[in-house]
Amino acid sequence: MKITCLGTGTSTGVPEIGCVCEVCTSDDPRDKRLRTSVVVETEGKRLLLDCGPDFRQQMINNRIYHLDAVLISHEHYDHVGGLDDLRPFSYEKGLDVYAEDDVVDAIRTRMPYVFREHKFQGIPNLELHAIDNKPFTAAGISVTPIRLMHGCLPIFGFRIANMAYLTDLKNIPEEELAKLNDLDVLILDALRKNEHPTHESLPEALSLIERVCPKEAYLLHMSHRIGLHAQVEKELPPHVHLTYDGLTINC
Ligand SMILES: [Zn+2]
Ligand SMILES: [Zn+2]
Ligand SMILES: [Zn+2]
């Protein structure tokens with residue numbers, strides 16, 4: 001399996017518009033973070049996890065010309081804002097998009113022109129599939145949803161074979177923890193160093209990693225308040241890393 005981190009920043013991206021802090025003005029390319037999205041390649045298929053407003057740039061930067069399915073964690077703009085740009089990936093046949101039923105409703109409301117009976121020429125050809133908290137297959141690949149709490153909003157993380165992608169979580173219900181056993185790679189939210197009401201802080205992410213014991217853990221969805229990539233990376237345990245845009249992980 002090959003995992004590519006297309007975007008590793010929080011909803012504002014890094015740099016933040018108008019901010020002149022040392023992270024936002026850093027010359028290190030690893031301190032420039034597009035909105036969070038990951039692509040997983042396994043068994044000859046390519047699955048996109050979240051499709052935010054930087055999706056178009058991410059496809060160009062990473063020279064990705066084909067997708068087999070899309071999984072959406074939740075309805076926030078930084079995870080769905082790029083859905084219209086799926087057009088070139090759905091010209092030949094409809095592209096399957098998997099999300100929880102209320103997220104499916106939110107996507108329909110956000111993009112009514114895509115789902116009208118009489119379609120405007122050139123719109124994305126998306127096949128929405130409502131999922132619940134049970135394993136499903138996307139492009140023939142088995143996916144296990146994981147219930148996460150994003151503050152008081154229930155959302156989904158996803159496990160594919162021995163990797164799991166948990167973005168935008170503050171808490172994980174105890175009964176879901178068993179789904180994170182025996183992971184090779186855990187990718188999870190770590191917004192910043194200090195606490196936040198709807199996202200894990202760095203210390204909270206590290207304590208979840210300690211409980212779940214993946215072989216390797218990678219942090220994403222960072223804001224500028226995480227600090228400089230080069231500096232924070234040195235402070236982490238050896239099997240924990242900050243992601244950066246364009247990072248590939250093989251497992
Ligand atoms: Zn987010
Ligand atoms: Zn800043
Ligand atoms: Zn969110």
Side-chain angles (χ1 to χ4, degrees), residues 5-39 48-58 70-83 85 97-107 109-110 131 145-158 164-173 176 186-202 204-205 208 218-232 242-245 247:
C5 297
L6 305 174
T8 60
T10 188
S11 54
T12 55
V14 182
E16 267 196 21
I17 294 172
C19 185
V20 293
C21 77
E22 63 168 356
V23 176
C24 290
T25 55
S26 162
D27 290 331
D28 186 340
R30 296 171 302 172
D31 288 317
K32 311 232 178 285
R33 302 184 185 278
L34 299 175
R35 268 62 71 89
T36 286
S37 176
V38 160
V39 73
L48 179 75
L49 279 54
D50 285 327
C51 185
D54 298 316
F55 171 74
R56 173 181 169 278
Q57 198 59 54
Q58 292 163 338
V70 180
L71 315 181
I72 300 291
S73 62
H74 66 300
E75 68 177 71
H76 287 163
Y77 179 73
D78 57 321
H79 299 266
V80 299
L83 288 171
D85 284 322
V97 178
Y98 296 84
E100 204 158 350
D101 52 359
D102 60 335
V103 178
V104 164
D105 290 345
I107 293 170
T109 305
R110 188 187 290 270
I131 54 168
I146 301 160
R147 172 60 70 214
L148 307 174
M149 294 308 295
H150 183 14
C152 58
L153 180 69
I155 69 167
F156 275 148
F158 300 106
Y165 165 81
L166 313 182
T167 191
D168 291 57
L169 81 152
K170 174 70 178 176
N171 299 110
I172 174 165
E176 295 291 280
L186 173 62
I187 300 177
L188 77 168
D189 186 3
L191 183 73
R192 62 190 195 188
K193 287 182 173 163
N194 52 331
E195 264 201 56
H196 186 277
T198 62
H199 290 271
E200 284 180 333
S201 62
L202 178 58
E204 287 166 334
L208 181 58
Y218 292 85
L219 308 174
L220 90 176
H221 208 283
M222 275 86 72
S223 87
H224 60 160
R225 293 206 194 172
I226 195 73
L228 292 166
H229 183 101
Q231 203 166 311
V232 179
L242 290 190
T243 55
Y244 55 86
D245 293 10
L247 172 70

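Read the numbers this way: they start at 1 and go in the same order the structure lists the ligands and their atoms.
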Worksheet entry | Tyr165-Asp50 side chain donor-acceptor pair, cut-off 3.5 Å | yes
Discussion item. Do His76 and Arg35 pair up side chain to side chain, a donor and an acceptor below 3.5 Å, judged on atom types alone?
Written reply: no
Item to complete: If the plane angle is over 60° it's perpendicular, under 30° parallel, otherwise tilted; pick one for His221 and His79.
Response: parallel
Fill in: With His224, the side-chain contact (heavy atoms from CB on, under 4.5 Å) member among Cys19, Pro15, Ser26
Cys19
Worksheet item: What's the atom name of the N, O or S in Asp78 nearest to the Zn ion (ligand 1)?
Response: OD2
Worksheet item: Vertex the Zn ion (ligand 2): angle to SG of Cys19 and SG of Cys21, to 10°?
Response: 110°
Worksheet entry | the Zn ion (ligand 1) to nearest N/O/S of His74 below 2.8 Å | no
Worksheet item: Where the Zn ion (ligand 3) is the centre, what is the OD2-to-NE2 angle for Asp168 and His150, rounded to 10°?
Response: 90°
Discussion item. Could you identify the N, O or S atom of His224 positioned closest to the Zn ion (ligand 2)?
Written reply: ND1
Discussion item. Less than 4.0 angstrom from a charged side-chain N to a carboxylate O is my criterion; do Glu100 and Arg147 meet it?
Written reply: yes
Fill in: the Zn ion (ligand 3) - closest N/O/S atom in His76
ND1
